[in-house]
Student: 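This structure is in structure tokens; I'll ask about it shortly.
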Amino acid sequence: MQQKYNPQTIERDAQQFWQTRDSFRAVEGGGKPKYYCLSMFPYPSGKLHMGHVRNYTIGDVLTRYHRMKGFNVLQPMGWDAFGLPAENAAMANGVPPAQWTWDNIAYMRKQLKSLGFAIDWSRELATCSPDYYRWNQWLFLRLLEKGIAYKKTQVVNWDPVDQTVLANEQVIDGKGWRTGATVEKREIPGYYLAITKYANELLSALDTLPGWPERVKAMQANWIGKSYGVRFAFPYTLDGKAEKLWVFTTRADTIMGVTFVAVAAEHPLAARAAQGNAKLAGFIDECKRGSVMEADLATMEKKGMPTGIFVEHPLSGEKIEVWVGNYVLMSYGEGAVMAVPAHDERDFHFARQYQLPIKQVIDIEGQAFSTNGWQEWYADKERGVCKNSNKYNGLKHSAAVDAIAADLAAKGLGEKQVLYRLRDWGVSRQRYWGCPIPIIHCASCGDVPVPDKDLPVVLPEDCVPDGSGNPLNKRADFVNCSCPKCGQPAKRETDTMDTFVDSSWYYLRYACADSKTAMVDERVNYWLPADQYIGGIEHAILHLLYSRFWSKAMRDLGLVKLDEPFKNLLTQGMVLNEIFFRKPAAGRITYYNPADVDVSVDAQGNRSGAVLRADGQPVESGGIGTMSKSKNNGVDPQALIETYGADIARFYMMFTAPPEQTLEWSDASVEGAARFLRRVWSLGFEAAQRGKVALPATLPATLAAARRELHAVLKQANYDLGRHQFNTVASAAMKMLNTLEGVLKGGNDDAVNAVLHEGTSMLLRLLSPITPHIGHQLWIDLGYGSDMLDAPWPEPDAAALIESETELVVQVNGKKRGDIRVARDAGKAAIEAAVLAHPEVQKFMAGQPAKKVVIVPGRLVNVVV
RNA sequence: GGGCGAGUGGUGAAAUUGGUAGACACAAGGGACUUAAAAUCCCUCGGCGCAAGCCAUACCGGUUCGAGUCCGGUCUCGCCCACCA
């Protein structure tokens, strides 16, 4: 055994040991309760970043902890391997995306292994492998049969940089989620998945997920956006034909206040009105081209134009004019709204802009309505009652809605409707590096599904994209085929699937990654749902919603017995670092990596300045931000692992912040973690020299106190592990080390060494989920066993925690004035007497009688004067 | 505009149901060891005060014997959604 802590050799040996023994292979069954610990799989971008290290360290801590607690644990790993970066890299380097991707996977797998994660590598999968994506295609065909997948032509979000369609969820602030390019609108045919059929279940089942953060559930509920309202029609006659203009409203109670109707620029009625109306046609064109930036939209001036078409109010029969309004969305509801300027803020501003009538139909007692300016209460549906509304006068919101909906229904002009904000999920992408959509286009048979026997439709792996659209279109050997129905020459679909399809079910495939004959098998029902899912908050909506939908769809196909795929969700915080830059008078900002900047501090420890090491000149601080290429503030995990080793990197990650919070990078704190593990090693070395000694029946008081402290800290640490607060578990390990070093200095007799050994064995096991390598080695060196993974989780000894005397804090009027030691079983009267006799207490009571004495057992006594 | 969350030393952070605020660290300062440095070890470390003590968990108020924690209000920051009818 070496006296000096040498992480490199220790870690290499431990990893070899685990590999030789195949320690982390998970096998179904065996009588233990199962624990499926799942981390979001990485995109193989080239190398790991700190976010990955943090994510997988959290997963590994939970994995190893549960394993020692007696669970049958599965921790798998795979690769979200399709996607655009591979195409961009291919263009930059002239290498096919497949090769780039597989090279990256090989490198990142090596990195993950060097971090010592307890992963069952036999279940590894990559979504770009035909063995995996054939099942995307297979399931897509099943969904097509069920009508959940369907084709339609629709106005879509078009990313001009990536040259592809984006789902609504992938448009952020009017920009592509990946490229940041301003999204355009285009009309394109594509395949859609009817996620809206599951809207209600996706929403209501959120209540069955107590192990999910409220924040994520709120975001999903918000996104699904359930609204209760009334869908109804304004009848009209055009070109001699009776027609209906449908609208949706959540405020049917204000229906008697309708003074105009507004339709979206894309609405068919707008197009009809624009015929022979060049001015209107021009306006509609302007609206369609207009910005889709939400920030712009929210502040954009209300613009509109009358169509000259009039409709009839369904209840009053009044003539109402139809306007085209730039604030009406074609994609929500009917693309048309009833406008009630008196009680809707947008309608109000629009009406004022164009001098349209404003008619108050909701009254709140004591509030005076005015058309001069908008007041919050105009839209208050809780307090108001109907007025100027004939037979509905005096009714409150819900009663009025009921009555009006009933009257509309009686006329066949409307009914109550539940509407969702959620849209169907467009999955066609005009990209090469993705899963081919298994469809063949035949001139006579139309769109024909590829027969199951011909799956997978294999993506050619030797294409090099050149930026001019999808290279598959130029691959005659891929495109040309024969129609499965009639045998005539046909064309293969060249669109590929959204990569979110790949990641919507990979967690199921881990359970049966070797299955050649089926997408999933019975083993899925053993492992799923995942007991713990860990990943970034950025997937709160997209990936997690799609995955929930996908597993429900598979359930309804009878493939899995599963309502929800992820029982508990932990959203880990981001890894941040300082930002330094210089902004020349002219030219672009340059960012400098914090590793190249020297920061000086004054005597109080306050920051006094920062200079670039290379030239000694000052740089400006840009605060703290997520590690990113654009801010040049990333720290490469590889350098960290090579300099310090996996255990120190892992310990630092766990100690610095609780898992859900952001983690601010600090080189000095990494050094602190290294210091701690060196001390652990020294302690282990010393303990090994002294030899193992069994605990005697009785211990001297100081050793009993030390032992009590060790067990009390362990008790708290176990509690903290249960609630995933790993930073205080790391703190607990530090406290135990401090205590044990004190014990060590107390002498070198059997009693000392007995406490030392018991404490060290507890410490190593408590640390082992976080720093498994050092634990593995010391466990052997100290003679506790040959494989720490087989050791039981340490539990505090209740007997060690018992004290003959307890210390109570003494307060007078809620302020601490001292403390007393009393017998553990001291009665109330004895405690009270002891406290009242305490000199500090007497001093602060200043001769006044005690009004009341509050005793909190085992904690404190408060004397009220 | 709507929703959710958070504000504690120079810094990262602790404080389970209301019960000793700042555990455990980092940084800083002082000291020991050393020819010297690194490493290691010891001490100090929220503010004011010589001290007794007082003040301190964004701010104001409330409940309570007792509030970082509960309630009401204000301010600031972060995230998500957003002309969703």
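Naming: A, B, ... by sequence-line order, numbering from 1 per chain.
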Student: CD of A:Q3: more than 12 outside heavy atoms within 6.0 angstrom?
Tutor: no

Student: For B:rA85, take OP1 and OP2 only and decide whether either is under 4.0 Å from a side-chain N or O of A:K302.
Tutor: no

Student: Checking A:K217 side chain against A:L209 main chain: does a donor-acceptor pair fall under 3.5 Å?
Tutor: yes

Student: For A:L860 and B:rU17, give me the distance from atom CG to atom C1', rounded to whole Å.
Tutor: 14 Å

Student: To the side chain of A:N326, which of B:rC79, B:rC83, B:rA14 is closest?
Tutor: B:rC83

Student: Do A:K851 side-chain and B:rC65 base share a donor-acceptor contact under 3.5 Å?
Tutor: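 When only heavy-atom distances are counted, A:K851 does not reach the base of B:rC65 through any donor-acceptor pair under 3.5 Å.
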
Student: Looking at B:rC79, which nucleotide sits across from it as a Watson-Crick or G-U wobble partner, both distances under 3.5 angstrom, or is there none?
Tutor: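 B:rC79 is paired with B:rG3.
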
Student: On the nucleotide B:rG66, are OP1 or OP2 found under 4.0 Å from the side-chain N or O atoms that A:R859 carries?
Tutor: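 So the side chain of A:R859 is outside the cut-off, no N or O lying under 4.0 Å from OP1 or OP2 of B:rG66.
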
Student: Taking the same atom, P, in B:rG53 and in B:rA58, what whole-Å distance lies between them?
Tutor: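 Between the two P atoms, the distance is 27 Å.
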
Student: Considering every strand shown, what is the Watson-Crick or G-U wobble mate of B:rC59 when both distances are under 3.5 Å?
Tutor: B:rG73

Student: Could you tell me whether A:D347 contacts a base, only the sugar-phosphate backbone, or nothing, with contacts defined as non-hydrogen atoms closer than 4.0 Å?
Tutor: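 Result for A:D347 = nothing.
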
Student: Between B:rC80 and B:rG61, how far is it from one C1' atom to the other, in whole Å?
Tutor: 32 Å

Student: Suppose we define a pair by two distances each less than 3.5 Å, Watson-Crick or G-U wobble; what does B:rA28 pair with here?
Tutor: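 The base-pairing partner of B:rA28, which may sit in any strand shown, is B:rU44.
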
Student: Within the structure shown, what part of the strands sits under 4.0 Å from A:A218 by heavy-atom distance: base, sugar-phosphate, or nothing?
Tutor: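 The answer is nothing, as A:A218 stays clear of every strand by at least 4.0 Å.
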
Student: Does A:Y719 or A:V863 map to a spot on RNA chain B nearer the 5' end, using the closest nucleotide for each?
Tutor: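 Nearer the 5' end of the strand: A:Y719.
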
Student: Could you report the tightest heavy-atom contact between A:K828 and A:I855, atom names first, then the distance?
Tutor: O-CD1, 3.9 Å

Student: Looking only at the side chain of A:F844 (C-beta and beyond, no hydrogens), which of the listed nucleotides B:rC80, B:rG53, B:rC26 gets closest?
Tutor: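 Closest nucleotide to the A:F844 side chain: B:rG53.
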
Student: Between B:rC24 and B:rA15, how many Å separate the two P atoms, rounded to a whole number?
Tutor: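 Straight-line distance between the two P atoms is 14 Å.
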
Student: Hey, does A:R231 reach any base, or is it just sugar-phosphate, or nothing, if we go heavy atoms under 4.0 Å?
Tutor: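 Since no nucleic acid heavy atom lies under 4.0 Å of A:R231, the category is nothing.
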
Student: Write down the partner of B:rG9 under the Watson-Crick or G-U wobble criteria, each distance required to be under 3.5 Å.
Tutor: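 By the stated definition (distances under 3.5 Å), nothing pairs with B:rG9.
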
Student: Within the 4.0 Å heavy-atom criterion, would you say A:V810 contacts the bases, only the backbone, or no part of the nucleic acid?
Tutor: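 It contacts nothing in the nucleic acid.
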
Student: Of the nucleotides B:rG2, B:rA82, B:rU16, which one has an atom closest to the side chain of A:R421?
Tutor: B:rA82

Student: Specify the separation, in whole Å, of atom CH2 of A:W377 and atom P of B:rG1.
Tutor: 20 Å

Student: Ignoring backbone atoms, establish whether A:R817 has a side-chain N or O less than 4.0 Å from OP1 or OP2 of B:rG53.
Tutor: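 Checking B:rG53 against A:R817, no side-chain N or O comes under 4.0 Å of OP1 or OP2.
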
Student: Give A:K843 one of three labels, base, sugar-phosphate or nothing, depending on what nucleic acid heavy atoms sit under 4.0 Å from its own.
Tutor: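 Sugar-phosphate, no base atom in range.
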
Student: At 4.0 Å (heavy atoms only), tell me whether A:E538 reaches a base, stays on the sugar-phosphate, or touches nothing.
Tutor: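 No contact.
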
Student: Salt bridge or not for A:R231 and A:E415, using N-O below 4.0 Å?
Tutor: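 No, this pair does not count.
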
Student: Measuring to OP1 and OP2 of B:rA85, would you say a side-chain N or O of A:Y332 lies under 4.0 angstrom away?
Tutor: yes

Student: Do any side-chain nitrogens or oxygens of A:K217 fall under 4.0 Å of OP1 or OP2 in B:rG3?
Tutor: no

Student: Determine: side-chain N/O of A:N727 to OP1/OP2 of B:rA14, distance under 4.0 Å, yes or no.
Tutor: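 Affirmative; the distance criterion is met.
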
Student: Applying the Watson-Crick and G-U wobble criteria at under 3.5 Å, what pairs with B:rA85? Answer none if nothing qualifies.
Tutor: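 Partner of B:rA85: none.
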
Student: Taking the same atom, P, in B:rG68 and in B:rG7, what whole-Å distance lies between them?
Tutor: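 Roughly 14 Å separates the two P atoms.
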
Student: Looking across every strand, which nucleic acid part, if any, lies under 4.0 Å from A:K4 by heavy atom: base, sugar-phosphate, or nothing?
Tutor: nothing

Student: Under the rule syn = chi within 90° of 0, otherwise anti, which is B:rG9?
Tutor: syn

Student: What interatomic distance, in whole Å, is found between P of B:rC43 and the corresponding atom of B:rA25?
Tutor: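 So the two P atoms sit 12 Å from each other.
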
Student: Rounded to whole angstrom units, what separation is found between the CD atom of A:Q661 and the P atom of B:rU11?
Tutor: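 Atom-to-atom, A:Q661 to B:rU11, this comes out as 15 Å.
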
Student: Between B:rU16 and B:rC81, how far apart are the P atoms? Round to whole Å, please.
Tutor: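 Nearest-Å result for B:rC81 against B:rU16 at atom P: 33 Å.
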
Student: Quiz question: going by heavy-atom distance under 3.5 Å, is there a donor-acceptor pair between the base of B:rC84 and the side chain of A:R423?
Tutor: yes

Student: Base, sugar-phosphate or nothing for A:F676? Non-hydrogen atoms, less than 4.0 Å.
Tutor: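 Here A:F676 touches no strand at all.
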
Student: Scan every strand shown for a Watson-Crick or G-U wobble partner of B:rG18, both distances under 3.5 Å, and answer none if you come up empty.
Tutor: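 Pairing partner: none.
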
Student: Tell me whether the rings of A:H349 and A:W374 are parallel (<30°), tilted (30 to 60°) or perpendicular (>60°).
Tutor: tilted

Student: Can you tell me which nucleotide in B:rC24, B:rG12, B:rC80 comes closest to the side chain of A:I541?
Tutor: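 Given the options B:rC24, B:rG12, B:rC80, the side chain of A:I541 is closest to B:rC80.
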
Student: Nearest whole angstrom, please: distance from the C1' of B:rA85 to the CZ of A:F234.
Tutor: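 The answer, rounded to whole Å, is 12 Å.
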
Student: Under 3.5 Å, is there an N or O donor on one side and an acceptor on the other linking the side chain of A:N862 and the base of B:rC65?
Tutor: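 Flag set: donor-acceptor pair detected.
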
Student: Start at the 5' end of RNA chain B and walk down; is the nucleotide closest to A:A732 or to A:G335 reached first?
Tutor: A:A732

Student: Taking it one step at a time, do A:L356 and A:W323 satisfy side chain to side chain contact (heavy atoms under 4.5 Å, CB included)?
Tutor: CA-CA 11 Å; A:L356 296 166; A:W323 284 63; 3.5 Å; yes

Student: Working to the nearest 0.5 Å, report the span between CG of A:L836 and CD1 of A:I831.
Tutor: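 Going from CG on A:L836 over to CD1 on A:I831, the span is 11.5 Å.
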
Student: Can A:K852 and A:E832 be counted as an ion pair, charged N to O under 4.0 angstrom?
Tutor: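 No salt bridge links A:K852 with A:E832.
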
Student: Establish, with yes or no, whether the OP1 or OP2 oxygen of B:rU16 is under 4.0 angstrom from a side-chain nitrogen or oxygen of A:Q725.
Tutor: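 It does not, given that no N or O in the side chain of A:Q725 lies less than 4.0 Å from OP1 or OP2 of B:rU16.
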
Student: With rounding to the closest Å, how many angstrom separate the C1' atoms on B:rU40 and B:rU17?
Tutor: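 Their C1' atoms lie roughly 44 Å apart.
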
Student: Output the rounded distance in Å from NZ (A:K735) to P (B:rA25).
Tutor: 9 Å

Student: More than 12 non-hydrogen atoms from neighbouring residues, nucleotides or ligands closer than 6.0 Å to NZ on A:K303, yes or no?
Tutor: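 Atom NZ in A:K303 is not packed in, count stays at 12 or less.
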
Student: Taking only side-chain N and O atoms of A:R346, does any of them lie within less than 4.0 angstrom of OP1 or OP2 on B:rC84?
Tutor: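 Yes, within the criterion.
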
Student: Report yes if a side-chain nitrogen or oxygen of A:R678 is closer than 4.0 Å to either non-bridging phosphate oxygen (OP1 or OP2) of B:rA39; otherwise report no.
Tutor: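 For A:R678, the contact criterion (side-chain N or O under 4.0 Å from OP1 or OP2 of B:rA39) is not met.
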
Student: Using whole Å, report how far CE of A:M219 lies from C1' of B:rG78.
Tutor: 13 Å

Student: Distance check needed: B:rG66 C1' versus A:N813 CG, whole Å only.
Tutor: 10 Å

Student: Across the strands shown, which category fits A:S227 at heavy-atom distances under 4.0 angstrom: base, sugar-phosphate, nothing?
Tutor: sugar-phosphate

Student: Whether A:T728 contacts B:rA23 is assessed here as follows: a side-chain N or O lying under 4.0 Å from the phosphate OP1 or OP2. Is that the case?
Tutor: no

Student: Please state the C1' separation for the pair B:rU64 and B:rG72 - nearest whole angstrom.
Tutor: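 Per the computed distance, 16 Å lies between those C1' atoms.
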
Student: Without decimals, in angstroms, what is the distance between A:I537 CD1 and B:rC4 C1'?
Tutor: 10 Å

Student: Describe the nucleic acid contact of A:Q811 in one word from base, sugar-phosphate, nothing, applying a heavy-atom distance below 4.0 Å.
Tutor: base

Student: Under a 3.5 Å cut-off for both distances, is B:rA52 Watson-Crick or wobble paired, and to whom?
Tutor: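 The base-pairing partner of B:rA52, which may sit in any strand shown, does not exist here.
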
Student: Measure the spacing between CG of A:L740 and CE of A:M762 and express it to the nearest 0.5 Å.
Tutor: 7.5 Å

